[in-house]
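First up is the structure itself, then whatever we jot down about it.
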Amino acid sequence: MKNGKRRSGFVIMARLIQLVKPLVPFMLLAILTGVLGFLCATFITIFGGYAILDILASQGAIAYEPVIGLTAIFICVIVFAVMRGVLRYCEQSCNHYLAFKLLAMIRDKIFGALRRLCPAKLEGKDKGNLIGLITSDTELLEVFYAHTISPIAIAFIMSVIMAVFIGSYHWALGLIAALGYLVVGVIIPLTSARIGGDRGLNFRMEMGDLNSCVLDSMRGLKESLQYGTGEKRLEEINSRTDSLLKKDAVLKRNAGINAAVTNGVILLFSVAVLLAAILLYWNNQIGFDGVLIATIAMMGSFGPVVALANLGNTLQQTFAAGNRVMDILDESPEVEEVTDGKDVRFDGLECENVNFSYSGEPILRDLSLTVPKNKIIGITGRSGSGKSTLLKLMMRFWDIQSGKIQISGTDIKQINTHSLRDEESFVTQETYLFHDSIEENIRLAKPDATHEEIVAVCKKASVHDFIMTLPRGYDTAVGELGDTLSGGEKQRIGLARAFLHDADLILLDEPTSNLDSLNEGVILKSLNEERGNKTVVLVSHRASTMKIADEVYSVENGRMS
């Protein structure tokens, strides 16, 4: 996340625009209504100029043949005013429908990417940064879709139309107008973005770091209270917040300078058109109507390009957010999902001369192991010896560097991922529980499971009696991260999930570490009853747990004995 690829704004913009393809009709409608809306707003003032010309001509002050009568002018102004509101509403509705639809698509793509990257590439990821990316970074892309794509198109079309309209009085006036639109709508935003440099990206990075710090502090709140480190954590959060506020102040100051420069340039070009028109009038190349209408049109037509000029600072952060999103979408998974391989039924597992390193550190060396069908295999060893890693390799969360892991005689790299996961149930040392009811947390393993099936596996996991003591039974919410339950209760719910999944191979990583001897005995009895129907690989430090194993292996320094 922190060392992601730096992409140019144009590359990010092109990637983001590609996502618009399925919603092109809405984008075209937004552009059409936007152009018509700005034309209505601009021509309200222009028709005011025509009204002044009509009045002056009627009093003989100037020689001018009215194009449209005063009554018609007032009717048109009223119609334009009403239509401006309606068209603006339609434009914003289309833009925001487009934006929120695309944000949903992007979030779906992000979650799809996270699923592909998990767990190998996400093991060391900063969770606060990921949360920031999924929420605030993705939300910031709304600025691009709702306030950037169509405004750019609208500004371009309006600039062409108004340059032609002003140029209809004299080509020089049209050229000055076109140059003004170019400076305000293109040169100022690009210059602002260039001067801003990486400030927007750094701001988004620090925002992600602050999210991580706050999340980390909240999770460790009890420890902070116990050891009196709350003040230190608060100081760190305040320090990060102050740093972020300083960067935000710089961005806002740049935005203010940008707005001042923009308004100055608009005034400069408006005066330039006025002076050029007066000069042309003195030389009898245009009439008084050319001076008045061209000047009014110039001063009232900068709205679309001003919207682009104001995007300079905002786009820095938007592109920074887009760059972070692209980092996740473009990151290649450590383990590629197999979809064109074989589907298998479990008939034994074999590890042959397995070697695996993590971040350059050897974990397993020339490890070989045979797991016969319908047997319980125990694995013991010191902490850090590679026992849990071996189970993850069997799940193919990582790919081994050399050797083979085979199920039913087929290398697991050749087995379709969905088939491999269907044949395996994996219970980790720490069971993750979603902020939902107990029943829904267990149903995760089999979405179409009936209540009766869930009760049956809970009895097998020795957690049914506990659940029934709760006021709402199986409908009891477990709280965030399951923090309303003890470690042992969460562990038994994890076992219930594994039993519900009903896979032929059950991988258990310290399944009884948080259980008392009574509950351990009940669960071991349930596992023992599965003998003949299921194959179990059981990792544990407890000698009492290993008593049910048909064969026990010891892992020391990454080797099996």
Side-chain angles (χ1 to χ4, degrees), residues 34-81 83-84 87 151-189 261-310:
V35 169
L36 293 176
F38 274 113
L39 284 174
C40 286
T42 304
F43 273 85
I44 287 175
T45 56
I46 291 175
F47 270 52
Y50 284 130
I52 293 172
L53 290 173
D54 281 10
I55 293 171
L56 292 175
S58 67
Q59 295 177 351
I62 60 171
Y64 172 71
E65 186 67 32
V67 177
I68 184 171
L70 279 174
T71 303
I73 286 174
F74 284 118
I75 292 173
C76 286
V77 167
I78 293 171
V79 171
F80 288 164
M83 289 303 296
R84 168 58 172 161
L87 290 167
I152 288 175
I154 291 168
F156 174 76
I157 296 171
M158 277 294 297
S159 297
V160 172
I161 292 174
M162 294 310 299
V164 170
F165 175 77
I166 294 171
S168 66
Y169 289 97
H170 194 279
W171 64 266
L173 300 179
L175 184 61
I176 295 173
L179 184 60
Y181 300 142
L182 180 67
V183 172
V184 174
V186 177
I187 295 177
I188 289 179
V261 170
T262 299
N263 290 330
V265 169
I266 290 173
L267 182 60
L268 180 66
F269 275 97
S270 297
V271 171
V273 167
L274 175 60
L275 294 176
I278 291 173
L279 184 62
L280 291 168
Y281 175 71
W282 281 346
N283 291 324
N284 295 317
Q285 295 187 43
I286 62 173
F288 181 74
D289 61 318
V291 177
L292 182 63
I293 299 302
T295 303
I296 289 175
M298 185 65 179
M299 295 180 71
S301 61
F302 275 99
V305 289
V306 166
L308 298 187
N310 292 337

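Computed from a prediction, not measured in an experiment: that's the story for all the values here. Worth knowing before you read on, the calculation uses all heavy atoms, side chains too, and leaves out hydrogens, waters and symmetry mates.
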Do Met162 and Ile46 come within less than 4.5 Å of each other through their side chains, counting heavy atoms only? yes

CG (Leu173) and CD1 (Ile293) are apart, to the nearest 0.5 Å, by 12.5 Å

Q) Are Phe302 and Thr262 side-chain neighbours, meaning at least one heavy-atom pair lies under 4.5 Å? A) no

CG of Leu292 to CG of Asp289, rounded to nearest 0.5 Å, is 8.5 Å

Taking the side chain as every heavy atom from C-beta outward, state whether Thr71 and Ile75 have any pair of such atoms under 4.5 Å apart.
yes

Open item on the list: For Leu39, is there any backbone N or O sitting under 3.5 Å from a side-chain donor or acceptor partner on Thr42?
Closed with: no

Stepwise side chain to side chain contact (heavy atoms under 4.5 Å, CB included) test for Val184 and Phe269: CA-CA 10 Å; Val184 174; Phe269 275 97; 5.5 Å; no

Margin query: Using side chain to side chain contact (heavy atoms under 4.5 Å, CB included), reason through Val291 and Tyr169 one step at a time and then give a plain yes or no.
Written below: CA-CA 9 Å; Val291 177; Tyr169 289 97; over 6 Å; no

Here the gap from Ile52 atom CD1 to Leu70 atom CG, rounded to the nearest 0.5 Å, amounts to 11.0 Å

>> Would you say that Ile161 contacts Val35 through its side chain, given a criterion of any heavy-atom pair below 4.5 Å between the two side chains?
In response: yes

How about Phe165 and Met298: do any of their side-chain heavy atoms sit closer than 4.5 Å? no

Rounding to 0.5 Å, atoms CD1 (Ile176) and CG (Leu274) come to a distance of 10.5 Å

